Structure formats: C-alpha cells, structure tokens
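What follows is a set of notes on a single structure, which appears directly below.
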Amino acid sequence: AQSVAQPEDQVNVAEGNPLTVKCTYSVSGNPYLFWYVQYPNRGLQFLLKYITGDNLVKGSYGFEAEFNKSQTSFHLKKPSALVSDSALYFCAVKNDAGKSTFGDGTTLTVKP
Amino acid sequence: GAGVSQTPSNKVTEKGKYVELRCDPISGHTALYWYRQSLGQGPEFLIYFQGTGAADDSGLPNDRFFAVRPEGSVSTLKIQRTERGDSAVYLCASSSSLGGNTEAFFGQGTRLTVV
C-alpha cells in the first residue's frame, strides 16, 4: 500500500527566511510526487511535481522540491518566505495506475 | 468551464436521508476523482473514473456510497441513509489523463453536514 507522511503539523518561519516542509513517501513502482497548497476557503492548487529526471523540481510562486530516492523524501522548499505563503500544504504520491494518496497536511505560518 | 465546479457548496441533511453531490470537471479531462476530507486530515481517496467507467472504487467506505459518470463528463456521488460520520468536505478533481504523471485540478468541495 502507498502512503505519505508529513511529520510536522505546523511550520513557523519569519518572512525572508528559508522554509522547508517535509514529506516522505512509500509506493510500489515509479513514484510520482506532488505538492498542493490550500488557502483558506479555496480549493487545493497544484504547486509542483516530480516525474523523472532532475531531482530538484521548480514550481509556482518560487517553490521548489527535492526528490531523494534513497531517503524516499520529497521536501518542499523556498529560499525566502513571504507572509502570503501562509497556507496548508499537502504532499501526495501517485502510482502508475493513477491512484493518489495524500499526507495529512502541514500548516505553514510566515510571520512578518 | 474554467475550472472544476462542485454543487452544492454546502449541504445539511438529516440522518438517514439520501444526498447527491455533483461534480462538473474541466472540459476535456478524461479522469475524474472523488475524495473526502475530514478536519485536520488530508484528502482520502474514494473513487476515480477514466471516462465513464470506475477505474478504482476501492476507497468507497461501504455500499451506501455510489458514484456515476454516465457520459464521461459530469459525475454524481450518491450517499444513501446518511450517518453523522459521513459529515466531511467532499472534493472532486479532474486531470487530462489517468497517468501517474498528471496533476489534478480540484473543485472547492461540498461541505456535507449530517444532523
């Protein structure tokens, strides 16, 4: 069975500092990994994905994520956080058949 | 349409009643997914369709839950004899294909409250 773990319920950072939101996964076959963001009263929005190739993936709003096969991790990162990045972030793994499994989410709070 | 549309946005129903939740995917998207999200948790897979057929319905919790997509576009999630434990936000998403490498586009969800 596939699974996703987001070990931190909450991440707090100061504006301008780098941020990391952690994700580890388990899946049979090729891992297709995704990050989604959920702002208050809005639907989940796609941020970025890893399919194959370069382990560092760049996405929307200056976010990037690093795929590490040996550690089965796909941590979300941003060099300089903005207050507007405050939201709920979900990591997801998808298998070859198209079935997605989501983590329980991490609330990111960026303080001015 | 421009995005995935879910109706109603909110539904309050009495225990034991029947409800239908509708999802209108992005035009041309062949894959459609239903998830359930409870407070403090991530989306929980229920069922997904490729075209008109359910490719995987292993996430439906019991036989009170059923979903259809008769023409390969709009989908309806049907819940019979609702229970208070069914209260959650029901999310629909669509993607251009079922392949593992495609991202999903989500609707804003239907908040179901069973009283």
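A, B, ... follow the sequence lines: proteins, then strands. Residue 1 opens every chain. These numbers were taken from a predicted model, which means no experiment stands behind them.
Under a hydrophobic clustering in which Ile, Leu, Val, Met, Phe, Trp and Tyr are joined whenever their side-chain heavy atoms come within less than 4.5 Å, directly or via other members, B/Val89 and B/Tyr35 fall into the same cluster. Both A/Val13 and A/Trp35 are part of a single hydrophobic cluster, where members link through side-chain heavy atoms under 4.5 Å apart. Connection of A/Phe102 to A/Phe74 is not established within any shared hydrophobic cluster, with ILVMFWY side chains joined at heavy-atom distances below 4.5 Å, either directly or through further cluster members. Hydrophobic clustering (side-chain heavy atoms under 4.5 Å, transitive across Ile, Leu, Val, Met, Phe, Trp, Tyr) groups B/Val114 together with B/Leu60. B/Leu91 and B/Leu46 are assigned to two separate hydrophobic clusters, defined by single-linkage of ILVMFWY side chains at heavy-atom distances under 4.5 Å.
With a 4.5 Å cut-off on non-hydrogen atoms, A/Leu44 touches chain B through its backbone and its side chain both. The contact between A/Asn41 and chain B is made entirely by backbone atoms, counting heavy-atom distances below 4.5 Å. Looking at B/Gln6, there are no atoms closer than 4.5 Å to chain A (heavy atoms on both sides), in backbone or side chain. Using a 4.5 Å cut-off between heavy atoms, A/Gln45 does not touch chain B at all. Contacts between A/Tyr50 and chain B at a heavy-atom distance below 4.5 Å are absent for every atom of the residue. With a 4.5 angstrom heavy-atom cutoff, B/Asn101 touches chain A via backbone and side-chain atoms both. Contacts of B/Phe105 with chain A are absent, with no heavy-atom separation under 4.5 Å from either backbone or side chain. Contact annotation for A/Ala92: neither backbone nor side-chain heavy atoms come within less than 4.5 Å of a heavy atom of chain B.
Considering all non-hydrogen atoms of both residues, B/Gln108 and A/Arg42 come closest at OE1-CA, 4.3 Å. For the residue pair A/Tyr36 and B/Ala104, the shortest heavy atom distance occurs at OH-N, 2.9 Å. Here the closest heavy-atom approach between residue B/Glu103 and residue A/Phe34 is recorded as CA-CE2, 3.6 Å. Minimum interatomic distance between A/Lys49 and B/Thr102 (heavy atoms only, all atoms of both residues): NZ-CA, 4.3 Å. B/Phe45 and A/Lys99 make their closest contact through CD2-CE, 3.5 Å (heavy atoms, listed as atom of the first residue, atom of the second, distance).
Residue B/Phe65 qualifies as enclosed at atom CZ: its count of foreign heavy atoms under 6.0 Å is above 12. Shown here is B/Glu14, whose CD atom has no more than 12 heavy atoms of other residues, nucleotides or ligands within 6.0 Å.
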